[in-house]
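Down below is the structure, laid out as structure tokens.
Naming: A, B, ... by sequence-line order, numbering from 1 per chain.
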Amino acid sequence: MIDLRALRNDPDRLRASQRARGEDEAVVDELLGLDERRRSALSTFESLRAEQKSFGKSVSKAQGEERQKLLDRAKELAQQVKEADAEAQRLDQELQALLLTVPNLVEEGAPEGGEEDYVVLEEVGTPPAFDFEPKDHLELGERLGAIDMERGAKVSGARFFFLTGVGAQLQMALLNLAMEQAIEAGFTPMIPPVLVKPESMEGTGFLGAHASEVYRLPEDDLYLVGTSEVPLAAYHRDEIIGALPRRYVGWSSCFRREAGSYGKDTRGIIRVHQFDKVEMFSYCDPEDAHEEHLRLLNWEKQMLAKVELPYRVIDVAAGDLGTSAARKYDCEAWVPTQSRYRELTSTSNCTEFQARRLSVRFRDDEGRTRPVATLNGTLATTRWIVAILENHQQADGSVRVPEALRKYLGREVLEPVAR
RNA sequence: GGUGGAGUCGCCUAGUGGCCGAGGGCGCACGCCUCGAAAGCGUGUGAUGGGGCAACUCAUCCGUGGGUUCAAAUCCCACCUCCACCGCCA
């Protein structure tokens, strides 16, 4: 949620942000008009209510006929107060509802435009040159006895899979490596709930434009999270926290409906309904948010270096930021059989947007409460297996294990197994 | 799933229609005292929103949402959470 008071002072800032995202600018004037009417209704209610309160005092002191007279007038007042209250509440709800539809203000410097308008910030490493025909991750995974899509489909349907044998071990190795790196950097490890209440989902901004991506359990009015960002952001809901920054690293399964992606990435484990992820989450002073964002990006790059993958970093364009992010950097690893880069990590600076919805505050130097900034970034996911298998494959179908993963896997090469 | 009990300021607690416009204690902050500290004494102590350059001021908030009443922490209804016990189950 954006800051209404800041909007009053500088409506052009939101106009520019909406333009950069390719979204409606008219919402600015709707907000301002509604806010004006709400404040006027509120002040009407407040003065009536003050009158009613002092009137109530006189009633309690009066006697006999005098009391009866006052009672008649008080009854009238009560009616008026009730109406004024209802009107003020109605306008406030209308304003809140509209406010919830407005995406975060875009950070200055983010590229304008849509999905294709990203800016490449850097390319790290060199895509491997094979002197044989590289196999894709699924073929490799099946030969290694690491990935079983067929049985995934049999048991759960399309876009579900089993990680088996070294596949399961490889994922654990990867996620353990990520957890270890984060813990060393001072993050508090967390294993969060993956079913959350509507307000947690709403608070993180996932029930707006992307609501169809989210699994819902109507019987229990709970949602399955698409990322541990959701429970980690809601963790401090309705709290005033001290000692910023607070950094958490969450390990969880993630669930995505992938509605509207029919036909895209249908082969293998690139786009699936359920996967595991290690996610960094940071609460910090809004003044430090930009710096913190760059730190998260750096930790992501450290992880990518450890698994020895070639990748590039992109600055995601405003129109592709999603509801909550003010700025977003993705790291995309090279996928040899697709001859292109695919997203492995994504780090967002959500500024105070989520914290305002979730009411997570801190005390500034003057002792006033202010919303914190929240940021998140990926340290490892199941999808990384795709890039690791493909980039480190050898002519015989074996896969070289990156140095950093060896101590977890206990071997240097993953060998094909007989079916 | 069933039955019973409970939810008041950071924590503990008082409060059974108007004296609550929420009292007390703990904690915390500041001051006095002291060479310094402890103890003691004094003062202060929340959130949200509106108005104001400001000191300040007004309104709302006693788990949540409704209702009764001129007036609700207090009465009524529903829900939520926690605790205890019973049943069922991985």
Between A:Arg256 and A:Glu258, is the closest basic N to carboxylate O distance under 4.0 Å? no
Under a 3.5 Å cut-off for both contacts, is B:G44 paired Watson-Crick or G-U wobble with anything, and if yes, with which nucleotide? B:C28
Distance-only donor-acceptor check, side chains A:Asp330 and A:Ser346, under 3.5 Å: yes
What residues, two or more places apart in sequence or in another chain, satisfy salt bridge (charged side-chain N to carboxylate O under 4.0 Å, His left out) together with A:Glu415? none
When rounded to whole Å, the CZ to C1' distance for the pair A:Arg237 and B:U64 reads 12 Å
Taking the six-membered ring for Trp, are the ring centroids of A:Tyr248 and A:His236 within less than 6.0 Å of each other? yes
Quick one: A:Gln89 CD to B:A59 C1', roughly how many Å, whole number? 13 Å
Within the distance-only criterion (no hydrogens, no angle test), does the side chain of A:Glu390 pair as donor or acceptor with the backbone N or O of A:Thr337 below 3.5 angstrom? yes
Taking CD from A:Gln96 and P from B:U48, how many angstroms apart are they, rounded to a whole number? 14 Å
Give the rounded distance in Å between these two atoms: CG of A:Asp238 and C1' of B:G46. 15 Å
Centroid separation under 6.0 Å, is that true for the rings of A:Phe281 and A:Tyr283? yes
Watson-Crick or G-U counterpart of B:C19, or none if no pair lies under 3.5 Å: none
Between A:Asp221 (CG) and B:U81 (P), how many Å, whole number? 11 Å
If B:A78 has a Watson-Crick or G-U wobble mate with both distances under 3.5 Å, name it; if not, just say none. B:U64
Going by purine N1 to pyrimidine N3 plus the second Watson-Crick contact, or the G-U wobble pair, all under 3.5 Å, which nucleotide sits opposite B:C33? none
Determine whether a donor-acceptor pair (N or O, by modelled atom type, separation under 3.5 Å) exists between the side chain of A:Gln393 and the backbone of A:Leu140. no
Taking CG from A:Asp92 and C1' from B:G49, how many angstroms apart are they, rounded to a whole number? 9 Å
Identify each atom pair where a protein N or O and an N or O of nucleotides 50-54 of chain B are less than 3.5 Å apart, giving names and distance.
{"from": "B:G50", "atom 1": "OP1", "to": "A:Arg8", "atom 2": "NH2", "distance (Å)": "2.7"}
{"from": "B:G51", "atom 1": "OP1", "to": "A:Arg39", "atom 2": "NH1", "distance (Å)": "2.5"}

Taking atom C1' of B:U68 as reference, at what distance in whole Å does atom CD of A:Gln79 sit? 14 Å
Should A:Thr369 be listed as having a side-chain N or O under 4.0 Å from OP1 or OP2 of B:U48? yes
For the residue pair A:Thr164 and A:Asp148, confirm or rule out a side-chain donor-acceptor distance under 3.5 Å. no
Using 4.0 Å as the upper bound for N to carboxylate O, is an ion pair formed by A:Arg15 and A:Glu23? no
Length of the CD1-C1' vector between A:Ile240 and B:A47, whole Å: 7 Å
With a 3.5 angstrom cut-off on both distances, give the Watson-Crick or G-U wobble partner of B:A73, or none if there isn't one. none
Tell me whether the OP1 or OP2 atom of B:C70 has a side-chain N or O from A:Lys82 closer than 4.0 Å. no
If you round to the nearest 0.5 Å, how far is CZ of A:Arg271 from CZ of A:Arg383? 6.0 Å
Interface residues of residues 355-363 of chain A with RNA chain B (non-hydrogen, below 4.0 angstrom): A:Arg361, A:Arg363
Using Watson-Crick geometry (N1-N3 plus N6-O4 or O6-N4) or G-U wobble (N1-O2, O6-N3), each under 3.5 Å, B:A54 is paired with none
Can you tell me the pairing partner of B:G4 across any strand shown, Watson-Crick or G-U wobble, with both distances under 3.5 angstrom? B:C83
